[in-house]
Amino acid sequence: MALDENIYELRRQKLTAIEALGQTTYRSKYEFTHTIPQILADYSEKTAEQLENSRVNVRVAGRIMAIRLMGKAGFCHLQQGGQRLQIYVKKDAVGEKGFELYKLLDLGDHIGVAGYLFRTRTGELTIHVDEITFLSKDLLPLPEKWHGLTDVELRYRQRYVDLVMNPEVREVFLKRSKLVQSLRRTMEAHGFVEVETPMMQPIAGGAVARPFVTHHNTLDMDLYLRIAPELYLKRLVVGGFDRVYEINRNFRNEGLGWRWNPEFTMLEYYQAYADFHDMMDLTQELIMQAAKDVTKDKEHPDGITRTKWGDQEIDWGNWQRLTMREAIIKFWPDSSGAKPGMSDFASSDGVKKLVEHFNRSHSHMAYDPGEPVGKTIAALFEAVAEEHLTQPTIIYEFPTAISPLSKQKPDEPDWTERFEIYAGQMEIANGFSELNDPEDQRRRFEAQLKERERGDEEAHQMDEDYVRALSYGMPPAGGVGVGVDRLAMLLTDSHTIRDVILFPLLRPEKSSPSSENQAES
RNA sequence: GGGCGCGUAGCUCAAUUGGCAGAGCAACUGACUCUUAAUCAGUAGGUUGAAGGUUCGAUUCCUUCCGCGCUCACCA
């Protein structure tokens, strides 16, 4: 073989040689008797004698993750389901052709083996192979075996390699799957019906965010990728679905960051005849159950409520509830002078003074005196309190100015029956008693339009059909949105959202100049 | 978008003040029938992200661009 040929070409040639040995190079299926995790679960406790006395014949498939050749025998580690099992291949056992095949195998190849279980001299459970079946070739070399793949860009761009090399990454996504299952199970247990509402909407409503725009050719109309399913789910409540939920993607055309990906998964649910207090209770139960379901293992068959979060621990069985104003008072920094009193939130002058006091001792909090007071209070809350909210905390009573879809408090119209759940310094859920007065809703949309004219691109648009739906009468209802990605982060101790999204958004790969030339020629 | 940092072999990383681009793993050849980070002997592998500039000489210094990370602002 010429020395300048690269690995890809060499392996293609090996593939030809493997075919010459009578193997099918890309066969359709392989009949196996066990998976590797099954064998490890069932036979890890068996002694060498037990395995010798009652021989266990197995056929398994896997990817070669380590290979050691010693003249006329060799070992491999096969990986399947994130676990590894050793195989022992001896020329005497597999024959001339079988051993020729063994010598043509590379790291990363998929093979099937038939043989029996035994323990090596060092005691490792191993398959004594009688027959190797070639399944599929790895033409590109896997990353280095000691350090694996650590380059974060490559891990995200080539997640398939990341998953092969890093078992802990696989674990994160298995837990994410358990999380979503758990959420569905809790919803179903409470009698909620799962539905799917439009991802492409003529008006991007239900949240405050900039949308992605797309275009339908036949109808010649612009459509927005949804920023929330909210207004459609509530139309269903009008239609008589008293308990309804959806788990699906939302799209927001905003910046990226450790907590933000342009597409993210949201669980959203609505319950008729319930208010925000009922929704707090339900959501608390939902999340605690999710923590238990994700942490279930042999030691903890029912799961646990404590999960690791960096150098801290989050206890999902211990919740705190504070109003937004109480939270600002509670976490008010000493360096910003005397703690605010409730009356300070009542006037724009009072709030302005609070911001001034806070900014005197802290990095500047953006403040626009022209914006509604409620908006400033909410910003102040985030600046003062958010960083302290590691343990699960329900913050409730949000300003009406930033809650155009929530029902007002009967005794304080500037405040709404709305809550958000915080944990690990992140907002993970948002819920409220749904505004169901169509005329009030129209006025709220109109107030949002003023904000839009003031330059707030993200303020709500008027949705006439939604107002019409409410005009047919929506029962009293509570609704909640839960950020599934962020919950997955918290439950897997992942500190960037990209680690819980299989294929996070990246800039397109720039093709190298040489390949561009090839493309042009 | 702003600020800071990074980009060297397939992977993980070196390279003294600006002075011959190196190692381990992976690969290739050979030895080895219980190894496991297998071992032993040998071989090959590079437009140092790209383009320009300064210099006798640039992986190193400067400029621009590309990509990534962290961070700030908007957003969940």
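Because the structure is a prediction, the values reported are computed rather than measured. In what follows, chains carry the letters A, B, and so on, assigned in the order in which the sequence lines appear, proteins first and then strands, with residues in each chain numbered from 1.
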Any donor-acceptor N/O pair under 3.5 Å between B/U35 base and A/Glu124 side chain: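 Between B/U35 and A/Glu124, which were checked side chain against base, a qualifying N/O pair under 3.5 Å is absent.
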
Examine the base of B/U35 for any acceptor or donor lying under 3.5 Å from a partner atom in the side chain of A/Thr120, and report the outcome as yes or no.
->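 By the distance-only test, yes, there is a pair.
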
Does the distance from a Lys or Arg side-chain N to an Asp or Glu carboxylate O, for [X] and [Y], drop under 4.0 Å?
| X | Y | result |
| --- | --- | --- |
| A/Lys407 | A/Glu434 | no |
| A/Glu100 | A/Lys103 | yes |
| A/Arg259 | A/Glu386 | yes |
| A/Glu246 | A/Arg226 | yes |

- Query: Does A/Arg68 have a side-chain nitrogen or oxygen under 4.0 Å from the phosphate oxygens OP1 or OP2 of B/C32?
  - Reply: no

When you check the phosphate oxygens OP1 and OP2 of B/C68, does a side-chain N or O of A/Arg507 lie under 4.0 Å from one of them?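 Answer is yes, contact under 4.0 Å.
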
For [X], is the [atom1] atom crowded, meaning more than 12 foreign heavy atoms sit under 6.0 Å from it?
| X | atom1 | answer |
| --- | --- | --- |
| A/Tyr224 | OH | no |
| A/Met462 | CE | yes |
| A/Arg249 | CZ | no |

Spacing of the [atom1] atoms in [M] and [N] (rounded, Å):
| N | M | atom1 | result |
| --- | --- | --- | --- |
| B/C61 | B/G24 | P | 28 Å |
| B/C34 | B/C70 | C1' | 49 Å |
| B/G7 | B/A51 | C1' | 16 Å |
| B/U16 | B/A21 | C1' | 14 Å |
| B/G19 | B/U35 | P | 48 Å |
| B/C25 | B/A38 | C1' | 14 Å |
| B/A44 | B/G3 | P | 47 Å |
| B/A14 | B/A23 | P | 16 Å |

In whole angstrom, give the distance that lies between atom [atom1] of [X] and atom [atom2] of [N].
| X | N | atom1 | atom2 | value |
| --- | --- | --- | --- | --- |
| A/Trp258 | B/A73 | CH2 | C1' | 16 Å |
| A/Ile402 | B/C75 | CD1 | C1' | 13 Å |
| A/Arg210 | B/C74 | CZ | P | 12 Å |
| A/Gln425 | B/A76 | CD | P | 18 Å |
| A/Glu144 | B/A14 | CD | P | 14 Å |
| A/Arg155 | B/C68 | CZ | C1' | 13 Å |
| A/Met266 | B/C75 | CE | P | 15 Å |
| A/Glu153 | B/G5 | CD | C1' | 15 Å |

Query raised in the report: Given the rule in the salt bridge (charged side-chain N to carboxylate O under 4.0 Å, His left out) test, do A/Arg170 and A/Asp162 qualify, once you have shown the distances and angles that lead to the verdict?
Result: CA-CA 9 Å; A/Arg170 180 188 172 89; A/Asp162 187 30; over 6 Å; no

Using a 4.0 Å heavy-atom cut-off across all strands, classify [X] as base, sugar-phosphate, or nothing.
| X | answer |
| --- | --- |
| A/Gly255 | base |
| A/Asp138 | nothing |
| A/Gly148 | sugar-phosphate |
| A/Gln86 | base |
| A/Phe99 | nothing |
| A/Leu69 | base |

inquiry  = Under 5.5 Å centre to centre and under 30° between planes: does that hold for A/Phe264 and the six-membered base ring of B/A76?
reply    =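 A/Phe264 vs B/A76: stacking yes.
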
Whichever of A/Asp106 and A/Phe118 has the more 5' nearest nucleotide on RNA chain B, that residue is A/Asp106

Query - Residue among A/Val60, A/Leu78, A/Ile64, A/Ile67 satisfying side-chain contact (heavy atoms from CB on, under 4.5 Å) with A/Ile87 - result: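 Going through A/Val60, A/Leu78, A/Ile64, A/Ile67 one by one, the side-chain contact (heavy atoms from CB on, under 4.5 Å) with A/Ile87 is satisfied by A/Leu78 alone.
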
Quick one: do the A/Glu397 and A/Thr323 side chains pair a donor with an acceptor below 3.5 Å?
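Their side chains do not contain a donor-acceptor pair, so the 3.5 Å distance test is not met.
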
Options [options], nucleotide nearest the side-chain atoms of [X]:
| X | options | answer |
| --- | --- | --- |
| A/Leu149 | B/C74, B/A27, B/C11 | B/C11 |
| A/Met70 | B/A38, B/C28, B/A76 | B/A38 |
| A/Lys145 | B/C25, B/C75, B/C68 | B/C25 |
| A/Leu107 | B/C11, B/A27, B/C75 | B/A27 |
| A/Trp146 | B/A38, B/C68, B/G24 | B/G24 |
| A/Asp151 | B/U33, B/A76, B/U12 | B/U12 |

Q: Determine the stems involving RNA chain B; a stem requires 3 or more consecutive pairs of the Watson-Crick or G-U wobble kind, each with both distances below 3.5 Å, and the answer is none if no such run exists.
A: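 Stem list for RNA chain B: B:1-7 with B:66-72, B:10-13 with B:22-25, B:27-31 with B:39-43, B:49-53 with B:61-65.
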
Check: Where along residues 88-96 of chain A does a heavy atom come under 4.0 Å from RNA chain B, residue by residue in number order?
Finding: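 Close to the strand are A/Tyr88, A/Lys90, A/Asp92.
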
When the ring planes of A/Tyr88 and A/Phe118 are compared, do they come out parallel, tilted or perpendicular, using 30° and 60° as the limits? tilted

* Evaluate the ring planes of A/His388 and A/Phe331, with Trp represented by its six-membered ring, and classify them as parallel (under 30°), tilted (30 to 60°) or perpendicular (over 60°). =>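 It falls in the parallel class, under 30°.
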
